[in-house]
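Structure first, commentary second.
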Amino acid sequence: MDEEYDVIVLGTGLTECILSGIMSVNGKKVLHMDRNPYYGGESSSITPLEELYKRFGISDSPPESMGRGRDWNVDLIPKFLMANGQLVKMLLYTEVTRYLDFKVVEGSFVYKGGKIYKVPSTETEALASNLMGMFEKRRFRKFLVFVANFDENDPKTFEGVDPKLTTMGEVYKKFDLGQDVIDFTGHALALYRTDDYLEQPCLETINRIKLYSESLARYGKSPYLYPLYGLGELPQGFARLSAIYGGTYMLNKPVDEIVMEGGHVVGVKSEGQVARCKQLICDPSYIPERVHKVGQVVRVICVLSHPIKNTNDANSCQIIIPQNQVNRKSDIYVCMISYAHNVAAQGKYIAIVSTTVETSDPEAEIEPALELLEPIDQKFVAISDMYEPTDDGTESQVFASRSYDATTHFETTCNDIKDIYKRMTGSDFDFENMKRKQNDVFGEDEQ
Amino acid sequence: MRQATRTKKPDVKVVILGDMNVGKTSLLHRYTERKFKDTISTVGGAFFLKQWGPYNISIWDTAGREQFHGLGSMYCRGAAAVILTYDVTNWQSLAELENRFLSLTDTANADCIFALVGNKADLTDPFAQEPDSESESDPQPVASCPTPPASPVQHKQVSREDAVALYARVLRYKGLDEKTCLPAERMCFETSAKTGYNVDALFETLFDLVLPSILKKRSEGEATVDLETPLEVRRTKAGCCA
């Protein structure tokens, strides 16, 4: 403290840690602080289990059947990594993969008519699936070939579709796809939470279907990856990258005040001392007057002693409940992981239900998902406000990140990182910016 | 431009913990580079990869100012051995191992091996003042050594008995039975990164001791994926019918 930094970062959520890593790799002097004694902020994995009970205000101790408290690493937000997504690219370019291990999520399922169906991961599964009829499958396959071949830079692949003008609804009509197929495609492949995309130009949807397909092709089974020991390992990996390039890290550090002069940030006051800076990055909780609420997400963490029924005893999976199956506007998601990922005691599973809140009774909204999980040993209910910055940082040089949304991947988080990067530096984000500037694993050259 | 070599994942992880200025990085640097650099700061290294027979051992040192209250659970995650480092001339650095660093080892392996290392022994122990024979090629002549030989200039604040007692408390903290664990006499070292005294003995003892952990890990065979595997282009297949 009492020093001058280029950038001060407050909060060690994933967004903040990735930005901290990028800034340090590019030669900025970075100070990174968190009021908590652990990394991750809202994106942390809580350990031991006793801490989770305390956090949710449950006065009882965990029962004996929950096993050792230390074996638990419970995510506060349910997300997986798209195997070909932006976060995996960030991990690869920064080589933060060195610090982490991942497993493929074992299956993806979609809810229809009160039952769950596996999202096919092979052609054989697709042919056998009851999700759609035989003639529909042929038209769907034709559509998927079109999507796979589609190249926005090559008009020969367009087949009469204009990527910037033709709506996705019109594309579906062109291929004569029925409502069931449309629902499946939009929600289980393109991972839209609502149907708003139908009226939008089709390019984004085509790219999202491509991302799903390419992610699925990487490892099979599902397009998703998950880190051993929980999502809380991700911010720590990027924080270590920042530290290696000179970043200073202080956990358990209260922030008394963000010091502004003439509408411009000049420093951060902590325990009576001021660290000065040119720019500030923070999560919404550090700067409530510069963010506004844009909605709420409900997340219910459920501890189970069994795999979810009809998932072929998967030890990890996702279930998507499309919004029109349950008369809602947004999809409901279930992300399930287990002892196989070192996030729970032996024989235990963690299923997290999440969706955007639409009524004053969010727990009732997710009842169809909870029914899929019964019997549930213990529930932890969180209703979180979602914030966005009110200020783009041009004048203030304060850059608040967005809250984590109800999506079950990190594409929106990575988009936020790229957007903040551009506003901070004036340059478009390029993954090359994340590359380590020197060989920093010594001894490697000897091999 | 860095070569596009794909690093193999290390077989096992060893971590170094301890307060600032006890000489953790100098210790590692002395072992890996056979040199001593005064006031070396830990910037620019993620971990050191050491090849030990057919195995790759990663040795983690705290980076930047992580050590200044910035270490998280990931640092010790999965470690097969932890080197708890203190300065023999500074009692507080031994106390900090128990007060601040021991809880970080909760994420190490259940069968993790602990070594207690008192560094800067050249300041208190005449035997630690002669450069090791391996360092004879060190260009700096003995005559210019800032510490006069055979004449301790500082009072030893941490005795070997203190270290042995802490080792016993570490084992109790981890819920391990002293009788079944490696004995303190074998796991408490006094070193000098400056002269190289006992440095090789420390690291090589640990490397031999973690070999069973490597073999165990291989037989368990976690089904993790390698993110660095090049993407296979499968243009001929369509969509989710990969």
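First the proteins, then the strands, lettered A, B, ... as listed; each starts at 1. Below, each value reflects all heavy atoms present in this structure, side chains not excepted, and no hydrogens, waters or symmetry copies.
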Between atom OH of B:Y75 and atom CD of A:Q236, what is the distance when rounded to the nearest 0.5 Å? 12.5 Å
Quick check on A:N73 against chain B: is it the side chain, the backbone, both or neither that has a heavy atom closer than 4.5 Å? side chain
Before you tell me yes or no, could you show the steps for B:D226 and A:Y219 under side-chain contact (heavy atoms from CB on, under 4.5 Å), namely the whole-Å CA-CA distance, both residues' side-chain angles and the distance that decides it to 0.1 Å? CA-CA 10 Å; B:D226 181 0; A:Y219 302 106; 5.9 Å; no
Does any part of the side chain of A:Y99, heavy atoms only, come nearer than 4.5 Å to the side chain of B:W60, both counted from C-beta? yes
Portion of A:L225 that has a non-hydrogen atom of chain B nearer than 4.5 angstrom: side chain
How long is the gap from CG on B:L71 to OH on A:Y249, to the nearest 0.5 Å? 12.0 Å
Taking side chain as everything from C-beta outward and backbone as N, CA, C, O, which of these in A:V104 sits under 4.5 Å from a heavy atom of chain B? Side chain, backbone, both or neither. both
Is A:Y38 in contact with chain B via its backbone, its side chain, both, or neither, using a 4.5 Å heavy-atom distance? neither
So with a 6.0 Å cut-off around NZ of A:K28, is the heavy-atom count from everything else above 12? no
Rounded at 0.5 Å granularity, tell me how far CG in B:L227 sits from CG in A:N84. 10.0 Å
Is it the side chain or the backbone of B:S73 that comes within 4.5 Å of chain A heavy atoms, both, or neither? both
Please determine whether side-chain contact (heavy atoms from CB on, under 4.5 Å) holds for the pair B:V225 and A:F102, giving the CA-CA distance in whole Å, both sets of side-chain angles, and the decisive distance to 0.1 Å. CA-CA 6 Å; B:V225 294; A:F102 295 88; 3.9 Å; yes
Ignoring hydrogens and geometry, is there a side-chain-to-backbone donor-acceptor pair from A:E233 to B:M74 under 3.5 Å? no
